Every structure is written in structure tokens, then in C-alpha cells.
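What you see is a predicted model, and the numbers here were worked out from it, not measured in a lab. Quick note: residue numbers are just sequence positions, from 1.
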Amino acid sequence: MKTAYGDHISVTHDGHVATVVLDKPPYNHVSVDLMRDLADALEDLDRENNTRAVVLTSAGKVFCGGADLVAPDGIAGRGMGGINALYDQAVRLFSVETPIVVAVQGAAVGAGLGLALVGDFRIASPEAKFSANFVKLGFHPGFGLTHTLPRLIGEQRAALMFLTGRRIPAEEGLAWGLVDEVVPQERLLSAAQHLADEIAGNAPLAVIATRKTLRSDLAAAVRARTNHEHAEQTILRATDDFAEGVRAVQERRPGNFQGR
């Protein structure tokens, strides 16, 4: 049976594993409503005794293109209050207790990278790319990435991603520890479900307790870091460079930044 959360999130079950699919074509851009629906779905799964692991994936060629900074009803159109509300939902995602395996079939960009890092593990296809492209927009990183990315791949490699906006291919991500396994596109979902099955086959209370120890105060750390990220983004949003970054994205060209 498939359960829908809003217009773009669906949940199906197979034994003790639930598969959650984000389907918001063409780029699966995050929004406050989408992240709220996703958090609602994951919190409901937390409350289900039968669900012991979750596979999180998305439809289409792009895993998640981040926040839409161009559309009038996107995050930028909602103002900074919209971004703050988005980060409220991010904290909810990091507060989920059920282990999450993320299947990344395409680009995970900006907040899309942040979403991929909500999971405990990432299985990627060779087509996957990972990018913290905020500086290319004249913007500060968000979604808690300034905490979660260095925690995963180390300060130096995280700095490289943040300060260059470079796209990291799946195989390089595997070498860095950003990705746990790379499999062909046609086997991606089954590989993610296999790992989730392996987790779900263990004693659930022990799995949850161990995961809590490993993640420690992660949700609280994400809350503190998103508060800082939001403050920096508020300042940069008023700059000419941010306006130029948004135009450059819309016009599919490099930004002509002036440092003001």
C-alpha cells in the first residue's frame, strides 16, 4: 500500500523497510512544504513498530536540485523567513530515530546535498554528483551543511567543496567517505533496500540505541549551525552579488561578482 504526504512524497512498505520517494519534477527542489511533508512521513515511520529502516530516494534524473532561488514561490520569493522555516524542518529530519539509507541517482546540489546527509548511509549511481554550490550564488551554505559535511568527510575536503562549489562525482565521493557504495543505476534502489534490510534484520531497540550514541547531539548541533547559517544568509541576501548569483543561475552562466 502506498501512503501520500502532500503532493510530492509517497511511502511504501516491504517487510520492516519503508521506501520514501520524493517526486517533484523536474528537479525535486526543496521547499518548506515539501520538507514538512517529508518530516511528517519520517516521524510517522518512527512511530510504527513495524518499520525498522527507511530508504529515501527521489524520482527523475536529479536527486534534489536544492532550493529554488528563481521561481516566485520558491525559497527566495518567500524571503528569509522561508529559509528559517525550511531549517526548522531540517532539524526535524535530523531528529528522526529510524536509520535512513539514501539512494542518490543524480545531482544532489545545495540543500539537496544537505538532504542526502540526513541519512546514515548513501548509495549512489555513477551519474550522481554532489555540490555545495552556495558561493556560486553569492550565498552562505545552509541546511546545517557547515556542520554535517565536515563531520562526514573532514574539514579540508569540506572546505574544498564549500569554497569552490565544485561538483564531486560519485566515485570521488566514495573515496572521500561521502558515499558508501556506487552501483549501476538499474541496481541503485535494490542495493539501498538490501542495506536497509540488513539493518532491519537486527534487534531494533539495540539499533536505535546505537544510532543515538553515534549521532549524539546531531539535531541540536544542526539547530545551532542553521541559526548561524541563517544569520549569514540574511546579510548576504542584501548584496549585489547575491542578486547577480540568482540571475546567473536563471541565465545558466557564471556569475560576474563584484564583492559588494
Side-chain angles (χ1 to χ4, degrees), residues 1-67 85-108 111-125 128 143-144 180-181 183 185-202 204-205 207-208 211-212 215 218-219 222:
M1 184 179 74
K2 181 182 291 188
T3 304
Y5 288 80
D7 295 328
H8 305 294
I9 301 291
S10 65
V11 179
T12 56
H13 297 265
D14 184 6
H16 293 301
V17 174
T19 299
V20 179
V21 180
L22 189 163
D23 187 2
K24 186 184 179 185
Y27 302 117
N28 294 315
H29 282 304
V30 303
S31 67
V32 176
D33 292 341
L34 182 69
M35 292 298 98
R36 183 181 294 114
D37 291 339
L38 178 58
D40 287 347
L42 294 177
E43 287 176 354
D44 281 354
L45 293 172
D46 261 1
R47 289 187 283 267
E48 289 183 8
N49 291 331
N50 190 55
T51 300
R52 299 181 183 178
V54 170
V55 172
L56 173 62
T57 189
S58 59
K61 293 184 178 181
V62 175
F63 173 74
C64 177
L86 180 72
Y87 295 163
D88 288 340
Q89 306 312 312
V91 173
R92 291 178 64 197
L93 296 178
F94 281 102
S95 301
V96 168
E97 295 186 349
T98 306
I100 300 170
V101 179
V102 183
V104 183
Q105 84 285 15
L113 174 61
L115 180 60
L117 267 54
V118 169
D120 301 86
F121 305 99
R122 279 148 296 283
I123 310 296
S125 72
F143 214 89
D180 298 285
E181 187 178 359
V183 299
Q185 186 80 258
E186 62 271 17
R187 293 202 294 110
L188 178 64
L189 188 56
S190 62
Q193 290 170 334
H194 177 78
L195 177 54
D197 275 329
E198 190 175 357
I199 295 168
N202 297 305
L205 297 181
V207 168
I208 289 174
R211 185 178 187 267
K212 283 182 177 179
R215 288 169 79 97
L218 181 57
V222 169

**Study point:** Full working for salt bridge (Lys or Arg N to Asp or Glu O under 4.0 Å) between E97 and K212
**Key:** CA-CA 7 Å; E97 295 186 349; K212 283 182 177 179; 3.2 Å; yes
Which atom of [X] lies closest to which atom of [Y], heavy atoms considered:
| X | Y | answer |
| --- | --- | --- |
| I199 | R52 | CG2-O, 4.5 Å |
| V102 | A116 | CG2-O, 3.6 Å |
| T51 | A18 | CG2-CB, 3.9 Å |
| Q105 | V62 | NE2-O, 3.3 Å |
| V222 | G144 | CG1-CA, 4.3 Å |
| F63 | V104 | CB-CG1, 3.8 Å |

Atom [atom1] of [X] and atom [atom2] of [Y]: how far apart are they, to the nearest 0.5 Å?
| X | Y | atom1 | atom2 | value |
| --- | --- | --- | --- | --- |
| I123 | L195 | CD1 | CG | 5.0 Å |
| H8 | H29 | NE2 | NE2 | 12.0 Å |
| L113 | R122 | CG | CZ | 9.0 Å |
| N28 | C64 | CG | SG | 6.5 Å |
| F143 | L117 | CZ | CG | 10.0 Å |
| L34 | K24 | CG | NZ | 5.5 Å |

Does the distance from a Lys or Arg side-chain N to an Asp or Glu carboxylate O, for [X] and [Y], drop under 4.0 Å?
| X | Y | value |
| --- | --- | --- |
| D120 | R215 | yes |
| R92 | E43 | yes |
| D88 | R36 | no |

Do [X] and [Y] have side chains that approach each other closer than 4.5 Å (heavy atoms only, starting at C-beta)?
| X | Y | answer |
| --- | --- | --- |
| L115 | L93 | yes |
| P99 | V207 | yes |
| D14 | Q193 | no |
| L42 | V54 | yes |
| V11 | T19 | no |
| V101 | L56 | no |
| T3 | S10 | no |

Other residues, nucleotides, ligands: >12 heavy atoms within 6.0 Å of [X] [atom1]:
| X | atom1 | answer |
| --- | --- | --- |
| E198 | CD | no |
| D23 | CG | yes |
| H13 | NE2 | yes |
| F94 | CZ | yes |

Point to revise | Partner of V20 by side chain to side chain contact (heavy atoms under 4.5 Å, CB included), out of I100, V55, L38 | key: L38
Practice item. Could you tell me whether a side-chain N or O of T57 sits under 3.5 Å from a main-chain N or O of A103, the two making a donor and an acceptor? Key: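 Checked: pair present.
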Practice item. Would you please test S31 and L86 for side-chain contact (heavy atoms from CB on, under 4.5 Å) and show each step? Key: CA-CA 7 Å; S31 67; L86 180 72; 5.9 Å; no
**Study point:** Non-neighbouring partners of D37 that pass side-chain hydrogen bond (donor to acceptor under 3.5 Å, both in side chains), sequence neighbours left out
**Key:**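 Once residues adjacent in sequence are excluded, D37 has no partner under the side-chain hydrogen bond (donor to acceptor under 3.5 Å, both in side chains) criterion.
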**Study point:** salt bridge (charged side-chain N to carboxylate O under 4.0 Å, His left out) partners for D46, two or more places apart
**Key:**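 Counting only residues at least two positions away or on another chain, D46 forms no salt bridge (charged side-chain N to carboxylate O under 4.0 Å, His left out).
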Check your understanding: With sequence neighbours excluded, what pairs up with K61 under the salt bridge (charged side-chain N to carboxylate O under 4.0 Å, His left out) test?
Key -> none
